[in-house]
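First up is the structure itself, then whatever we jot down about it.
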Amino acid sequence: MGRFLAVDFDRLKPVTCPCGEARRAFVDLPEAPLSVHRTRIQGAAQAHYHRRLTETYFVIECQEGSYLELDGQRVELRPGLVILIPPGVIHRAVGSMTILNIVVPKFDPTDEVVVSSE
């Protein structure tokens, strides 16, 4: 294929995550420095943070009233909004949305810490 890789999200197997359902590109590609996820969120995601990963959420679509909670602050969402989430920021999405999540370095499930709701 050459020195590039094209991925069709619709052909990737969805996986369950604290946010909802994600299709993850480049996770299994050793030479990739990042991963890109198309994530569908409905309802309230589990609050979580990452120890070393930085996430960048690009809102593709969302219902009115959808928002992110970032360290207890509410950020109203709209299509086209981009949010940078550094390591250690507790976050969760609330509402119905589809986001593109760019994860640097690439996603590692052992780096994700779910915050207890108790």
Side-chain angles (χ1 to χ4, degrees):
M1 179 171 209
R3 296 183 296 161
F4 66 91
L5 182 63
V7 174
D8 180 349
F9 278 111
D10 291 333
R11 293 179 180 246
L12 296 176
K13 182 178 178 182
V15 294
T16 302
C17 63
C19 291
E21 180 181 89
R23 294 174 189 261
R24 297 175 175 154
F26 312 128
V27 172
D28 296 327
L29 190 64
E31 61 273 22
L34 54 76
S35 59
V36 181
H37 312 198
R38 185 178 72 192
T39 304
R40 181 79 179 128
I41 302 163
Q42 292 195 324
Q46 292 178 287
H48 64 284
Y49 66 92
H50 302 277
R51 292 182 187 97
R52 62 182 180 81
L53 302 178
T54 296
E55 294 185 305
T56 303
Y57 284 19
F58 174 80
V59 181
I60 298 170
E61 62 182 11
C62 65
Q63 280 187 332
E64 189 174 330
S66 297
Y67 62 93
L68 284 181
E69 284 182 3
L70 302 158
D71 279 346
Q73 295 184 21
R74 187 172 168 157
V75 176
E76 299 294 327
L77 299 180
R78 65 182 181 286
L81 188 65
V82 179
I83 300 104
L84 182 72
I85 307 172
V89 173
I90 297 172
H91 57 284
R92 75 180 188 125
V94 178
S96 180
M97 67 200 75
T98 301
I99 64 160
L100 191 66
N101 182 6
I102 301 164
V103 184
V104 179
K106 78 174 73 177
F107 181 73
D108 173 1
T110 67
D111 185 68
E112 192 165 53
V113 179
V114 174
V115 177
S116 174
S117 61
E118 298 174 11

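FYI, side chains are in, hydrogens and waters are out, and symmetry mates aren't considered; it's all heavy atoms of this structure.
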Open item on the list: My understanding is that only residues two or more places apart in sequence, or in another chain, count here; which of them pass side-chain hydrogen bond (donor to acceptor under 3.5 Å, both in side chains) with Q42?
Closed with: none
Task: Which residues share a side-chain hydrogen bond (donor to acceptor under 3.5 Å, both in side chains) with S96, sequence neighbours left out - done: R40
Using the test salt bridge (Lys or Arg N to Asp or Glu O under 4.0 Å), find all partners of [X] that sit at least two apart in sequence or belong to another chain.
| X | result |
| --- | --- |
| R23 | none |
| D111 | none |
| E61 | none |
| D8 | R11 |

Calculate, to the nearest 0.5 Å, the distance between atoms [atom1] and [atom2] belonging to [X] and [Y] respectively.
| X | Y | atom1 | atom2 | value |
| --- | --- | --- | --- | --- |
| E55 | E112 | CD | CD | 7.0 Å |
| I99 | C62 | CD1 | SG | 11.0 Å |
| L68 | C19 | CG | SG | 8.5 Å |

Which atom pair, heavy atoms only, marks the closest approach of [X] to [Y]?
| X | Y | result |
| --- | --- | --- |
| I41 | A93 | CD1-CB, 3.7 Å |
| S66 | G95 | OG-CA, 3.6 Å |
| P18 | V114 | CG-CG2, 4.1 Å |

- [ ] Give every residue pair that meets the ring pair (Phe, Tyr, Trp, His ring centres under 6.0 Å) criterion with at least one member in residues 60-87, sequence neighbours excluded.
- [x] none
Open item on the list: Can you pull out every ring pair (Phe, Tyr, Trp, His ring centres under 6.0 Å) where at least one residue sits in residues 9-48? Sequence neighbours excluded, please.
Closed with: H37-F107, H48-H50, H48-H91
Linked, directly or transitively: [X] and [Y] (ILVMFWY side chains, under 4.5 Å):
| X | Y | value |
| --- | --- | --- |
| Y57 | V104 | no |
| L12 | L100 | yes |
| V103 | V15 | no |
| I102 | I60 | yes |

Task: salt bridge (Lys or Arg N to Asp or Glu O under 4.0 Å): pairs with one or both residues in residues 81-91, sequence neighbours excluded - done: none
Task: Listed once per pair and sorted, the salt bridge (Lys or Arg N to Asp or Glu O under 4.0 Å) pairs that draw on residues 89-104, sequence neighbours left out - done: E69-R92
Task: R51 side chain vs T110 backbone, donor-acceptor pair below 3.5 Å - done: yes
- [ ] Keeping the roles fixed (side chain from K106, backbone from L29), state whether a donor-acceptor pair exists under 3.5 Å.
- [x] yes
Task: Side chain to side chain, T98 and R38, heavy atoms closer than 4.5 Å - done: yes
Output side-chain donor-acceptor pairs under 3.5 Å for residues 73-85, partner residues at least two apart or in another chain, one line each.
unit_1	atom_1	unit_2	atom_2	d
R74	NE	E76	OE2	2.9

- [ ] Given side chain to side chain contact (heavy atoms under 4.5 Å, CB included), test V89 with D71 step by step and report yes or no.
- [x] CA-CA 6 Å; V89 173; D71 279 346; 3.9 Å; yes
Task: By side chain to side chain contact (heavy atoms under 4.5 Å, CB included) - contacts of P105 (at least two apart) - done: R52, L53
